**Q** 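Here it is: the structure, laid out below.
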There are 2 protein chains.
Amino acid sequence: MKPKKTEQNTEQMIKEAAKKVFLERGFDGAKLRHIAEESGTTMAMVNYYFRGKEQLFQRIFLETMGVFLGKVISILNEEVPLEIKVWKVADTYTDFLQANPHVPVFVLAELQKDSSEIFEKLNVKSLIESTYFTKQLQIEGEKGTIRNVKPLQLIVTMLGSLVFPFMAKPIVSYIGGMDDAAYKAFLDERKVIVFETIMAYLKPV
Amino acid sequence: MKPKKTEQNTEQMIKEAAKKVFLERGFDGAKLRHIAEESGTTMAMVNYYFRGKEQLFQRIFLETMGVFLGKVISILNEEVPLEIKVWKVADTYTDFLQANPHVPVFVLAELQKDSSEIFEKLNVKSLIESTYFTKQLQIEGEKGTIRNVKPLQLIVTMLGSLVFPFMAKPIVSYIGGMDDAAYKAFLDERKVIVFETIMAYLKPV
DNA sequence: GTCTATAGAGCGATAGAC
DNA sequence: GTCTATCGCTCTATAGAC
């Protein structure tokens, strides 16, 4: 039987503390002492449950990247009309990032250092390749209802437009003179703008 | 008289080594030992010229971010037609990032930790606000030759679309099954796509 | 200016008592 | 399972010879 107590156990508390600290400070900036303190236990406990900083990090990194990518992939695979799908990506992704604003920089920064073979573990490639989204774009393109586009290029444009304002928040909010509430409004407004931008581009020429 | 020797002096060698190491590994991951080794001198020399890791980092970070932002700002301020301007941003920025692929993650990751008052030093705000680009969008919008848009939103869409593929290279190239040459082609192709996307969005509705 | 040697603080990991 | 105490290592920074 799995432990199902609503009261958290130590392992879970450490994992959550570690996630917070790693996301805010990166692998090199995060110290086991911070994680222990944040979790309310000790360094000895961190090592007892996770056998070292590196292994604790791997667990959290894989999980976080899985969510980061999985969000898009599952939406792209839904069998709904293109227009609805584009909106759903913009809407869902923005909401997710507003709840987890550190995820993009964390994932992309750590990936830079260690561009290894973690992707296979999450079988990311096949999921994008076999996605309904790709077929959808091809079929609509042949019918002439949309411009002919390369799926990966479109995805990069869409994700870049959605993710960038979270990574560049310090600069953008400073330039725009926005406090946190104003920045939230800016991000919500972007849902519509990104949707309109993608749809405008897809319109046949 | 400034030293003008083409043969590099020690200070310059250390600075270039530090830039390389900081850009690749971030502040916390970069060690003075790596910088000393990379520069062919010693840690004592690094401290002799730059009085500590923190100050060396500040110099390099400010300089790098200045270039990162300055590139766009100067193009946006040019008094050329909108269409040419959008193309120029896509073209110039992509070329710059291909020569300096680590810059975006470096700048955005470090900014996350230390969202302080560095922007005033580079008087970034006024430069965007008073830019010819803003007026241009407003005038064309009133004339009805383009859609009414918010300048900052448009800039974020444009920069996000251009910068994201550099930050996400490990994932994107893996998904697309691209080697470095293929990825360069992908990025060059994006110049046109980003240009077309922005122009399609600007078209009056 | 440049080096070697080392001080002094902080790091991850573990031993051992409870 | 959980803690305290501590080991051995690496880090930044500097003293001091040349």
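Numbers restart at 1 for each chain; the letters A, B, ... are given by sequence-line order, proteins then strands. Note that the coordinates shown come from a computational prediction; the quantities given were computed from them, not determined experimentally.
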**Q** Not counting sequence neighbours, list each pair that qualifies as a salt bridge (charged side-chain N to carboxylate O under 4.0 Å, His left out) and has a residue in residues 26-45 of chain A.
**A** A:Lys20-A:Glu38, A:Asp28-A:Lys113
**Q** Between P on D:dG1 and CE on A:Met45, what's the gap in Å once rounded to a whole number?
**A** 9 Å
**Q** How close or far is atom C1' of C:dG10 from atom CZ of A:Arg25, stated in whole angstroms?
**A** 13 Å
**Q** Any side-chain N or O of A:Thr42 less than 4.0 Å from the OP1 or OP2 oxygen of D:dC3?
**A** yes
**Q** With respect to A:Val72, which candidate in A:Tyr93, A:Phe96, A:Phe133 satisfies the side-chain contact (heavy atoms from CB on, under 4.5 Å) definition?
**A** A:Tyr93
**Q** Tell me whether A:Lys53 forms a cation-pi arrangement with A:Phe27, defined as NZ or CZ under 6.0 Å from the six-membered ring centre and within 45 degrees of its axis.
**A** yes
**Q** Compare side-chain N and O positions of B:Thr10 against OP1 and OP2 of C:dT2 and report whether any pair is under 4.0 Å apart.
**A** yes
**Q** How long is the line joining OH of B:Tyr49 and C1' of C:dT2, in whole Å?
**A** 9 Å
**Q** Atom CD1 of A:Ile35 and atom P of C:dA13: how far apart are they, to the nearest Å?
**A** 10 Å
**Q** Mind checking the CD-OH spacing from A:Glu11 to A:Tyr49? Nearest 0.5 Å is all I need.
**A** 6.5 Å
**Q** Return the CD1 to OG1 distance between A:Ile14 and A:Thr42, rounded to the nearest 0.5 Å.
**A** 7.5 Å
**Q** Using modelled atom types and a 3.5 Å cut-off, is there a donor and acceptor pairing between side-chain atoms of B:Gln136 and backbone atoms of B:Val80?
**A** yes
**Q** Applying salt bridge (charged side-chain N to carboxylate O under 4.0 Å, His left out), which residue pairs with at least one partner in residues 83-109 of chain A are found, sequence neighbours left out?
**A** A:Glu78-A:Lys88, A:Asp91-A:Lys191, A:Asp95-A:Lys191
**Q** Using a cut-off of 4.0 Å on non-hydrogen atoms, how would the nucleic acid contact of A:Phe50 be classed: base, sugar-phosphate, or nothing?
**A** nothing
**Q** Scan residues 148-173 of chain B for pairs that pass side-chain hydrogen bond (donor to acceptor under 3.5 Å, both in side chains), counting only residues two or more places apart or in two chains.
**A** A:Ser161-B:Ser161, A:Glu189-B:Lys150, A:Glu189-B:Gln153, A:Arg190-B:Gln153, A:Arg190-B:Thr157, B:Lys169-B:Asp180
**Q** What is the per-nucleotide protein-contact pattern of nucleotides 10-17 of chain D, from the 5' end, where B denotes a base atom under 4.0 Å from a protein heavy atom, S denotes such proximity for sugar-phosphate atoms only, and - denotes neither?
**A** -BBBB---
**Q** Which donor-acceptor pairs under 3.5 Å do side chains of residues 56-68 of chain A form with protein atoms, sequence neighbours excluded?
**A**
residue: A:Gln58; atom: NE2; partner: A:Glu54; partner atom: OE2; Å: 3.2
residue: A:Glu63; atom: OE1; partner: A:Lys15; partner atom: NZ; Å: 2.8
residue: A:Thr64; atom: OG1; partner: A:Ile60; partner atom: O; Å: 2.7

**Q** Taking five pairs at each end, how big is the angle between the two axes of the helix from C:dG1-D:dC18 to C:dC18-D:dG1, to 10°?
**A** 10°
**Q** Once you round it to whole Å, what is the distance between P of D:dT2 and CD of A:Glu11?
**A** 10 Å
